[in-house]
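Worksheet: the structure to be examined is printed underneath.
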Amino acid sequence: VERRLSVPVFYRNLPASLEMTGDSLDVVTVQVRGGDNVIGAVQPGRDLFMVVDLTETRPGTNVLPLRIDQVTASLGIKVLQLDPGTVTLTLERSGTVELPVHPYLEGETAQGFAITSVTVEPRVVQIVGPESALALLKRGPGAETPPGAVRWRALYADRLAARQNRADRSDTRSHTV
C-alpha cells in the first residue's frame, strides 16, 4: 500500500553561535509504502519524521536540500519521495544583552492612597537571542520601555523557545524577559 502523509520536521545541531529567525518548515509530505496494517497504524511524529542537520549552516539564508534518507521511519515503512525538496532557513548570530528593568505603572491608585516607592527584583535581566532582535531591545540608561515592547519581547521569546524545543539542541539556553 502506498500513501502520502504529512510528517513533522525536526532540526538539530544548530551551531551554538546561531539562532533561527524568520519562518521555518514544520511539515513535509512523504510518500511511503508498506503493508496495509503497518501503513494504517503509522503515527507521524512517532513512527515517521524528518530530521534536518544544521551542523554546516552559516549566518544568512541557507537553502538546504531535503533527502529521503533524512526521514526516520519505523520498520516495514519505505519512504519513496518527499515534498518539498528544499528548506530555506534564515540564521543569525546569537548575542546577549543585559538590560535594566524599569517598571511601567498603569492606572491610578484608590483615593487616599499613594505609591511611595517601587522596587524591581532583579534590577537587570540578561536576554539571549538574534543580534537584530537584541538591537531593538537596547535602551540607554534610564530609558523607559513602553508596555507594547514588553509584550513584543515576551511573544518573541516564546516563539524562539518553541523553535529551540523543536530544534533538539544539545545546548540549553534560556530566553529571559
Side-chain angles (χ1 to χ4, degrees), residues 1-98 125-137 149-177:
V1 171
E2 287 188 15
R3 186 171 295 156
R4 293 178 63 80
L5 299 169
S6 294
V7 300
V9 177
F10 298 101
Y11 299 95
R12 71 170 173 205
N13 299 325
L14 178 64
S17 63
L18 298 178
E19 301 277 346
M20 277 201 274
T21 58
D23 294 327
S24 61
L25 183 67
D26 295 327
V27 180
V28 294
T29 302
V30 296
Q31 185 166 343
V32 295
R33 178 186 298 146
D36 192 30
N37 58 340
V38 174
I39 298 299
V42 168
Q43 291 184 16
R46 188 189 78 183
D47 304 318
L48 194 61
F49 55 91
M50 174 164 239
V51 178
V52 178
D53 187 354
L54 302 177
T55 303
E56 300 299 320
T57 56
R58 302 284 179 254
T61 302
N62 293 262
V63 179
L64 306 172
L66 300 179
R67 304 177 315 271
I68 61 174
D69 65 326
Q70 294 170 301
V71 178
T72 300
S74 292
L75 190 63
I77 301 172
K78 179 172 176 66
V79 179
L80 303 173
Q81 65 184 112
L82 63 93
D83 184 51
T86 62
V87 60
T88 302
L89 297 175
T90 304
L91 304 178
E92 190 175 329
R93 292 200 189 286
S94 181
T96 303
V97 65
E98 286 192 357
V125 293
Q126 185 177 60
I127 301 174
V128 177
E131 288 179 344
S132 65
L134 295 178
L136 296 174
L137 300 179
V150 173
R151 280 193 293 274
W152 178 84
R153 288 182 201 175
L155 288 172
Y156 186 79
D158 289 345
R159 184 172 151 207
L160 203 52
R163 284 192 180 161
Q164 282 191 309
N165 289 339
R166 281 197 320 254
D168 187 30
R169 294 173 61 149
S170 59
D171 61 312
T172 306
R173 291 187 286 170
S174 62
H175 295 265
T176 309
V177 290

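- In this structure, NZ in K78 is found 12.0 Å from CD in Q31, a value given to the nearest 0.5 Å.
- D47 meets the side chain to side chain contact (heavy atoms under 4.5 Å, CB included) test with V42, Q43, S74; sequence neighbours excluded.
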Go through the steps for V9 and V87 under the test side chain to side chain contact (heavy atoms under 4.5 Å, CB included), then give the verdict.
CA-CA 10 Å; V9 177; V87 60; over 6 Å; no
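- Every residue meeting the salt bridge (charged side-chain N to carboxylate O under 4.0 Å, His left out) condition with R33, not counting sequence neighbours, appears here in chain and number order: E2.
- Taking CG of L18 as the reference point, atom CG of L91 lies at 5.5 Å (rounded to 0.5 Å).
- How far CG of L5 is from CG of L82: 12.5 Å, rounded to the nearest 0.5 Å.
- Dense packing is recorded around CZ of R4, with more than 12 heavy atoms of other residues, nucleotides or ligands lying under 6.0 Å away.
- For the pair A16 and S94, the tightest heavy-atom approach, listed with the atom from each and the gap, is O-CB, 4.3 Å.
- Between T55 and P15, the closest heavy-atom pair is O-CG, 3.9 Å.
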Side chain to side chain contact (heavy atoms under 4.5 Å, CB included), that's the test. Do L25 and V52 meet it? Break it down for me.
CA-CA 10 Å; L25 183 67; V52 178; over 6 Å; no
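- In this structure, the side chain of E131 does not engage the main chain of E92 through any donor-acceptor pair within 3.5 Å.
- When side chains are defined from C-beta on, I68 does not count as touching L80, because their heavy atoms never get closer than 4.5 Å.
- One finds the CG atom of D53 at 15.0 Å from the CZ atom of F10 (value rounded to the nearest 0.5 Å).
- Here the closest non-hydrogen pair linking P44 and S6 is CB-O, 3.5 Å.
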Any chance you could lay out the side chain to side chain contact (heavy atoms under 4.5 Å, CB included) test for V128 and E19, step after step, and finish with the verdict?
CA-CA 10 Å; V128 177; E19 301 277 346; 4.2 Å; yes
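- Taking CZ of R3 as the reference point, atom CG of L48 lies at 11.5 Å (rounded to 0.5 Å).
- Nearest approach of V38 to L75, heavy atoms of both residues: CG1-O, 4.1 Å.
- Rounded to the nearest 0.5 Å, atoms CG (L66) and OG1 (T86) are 6.5 Å apart.
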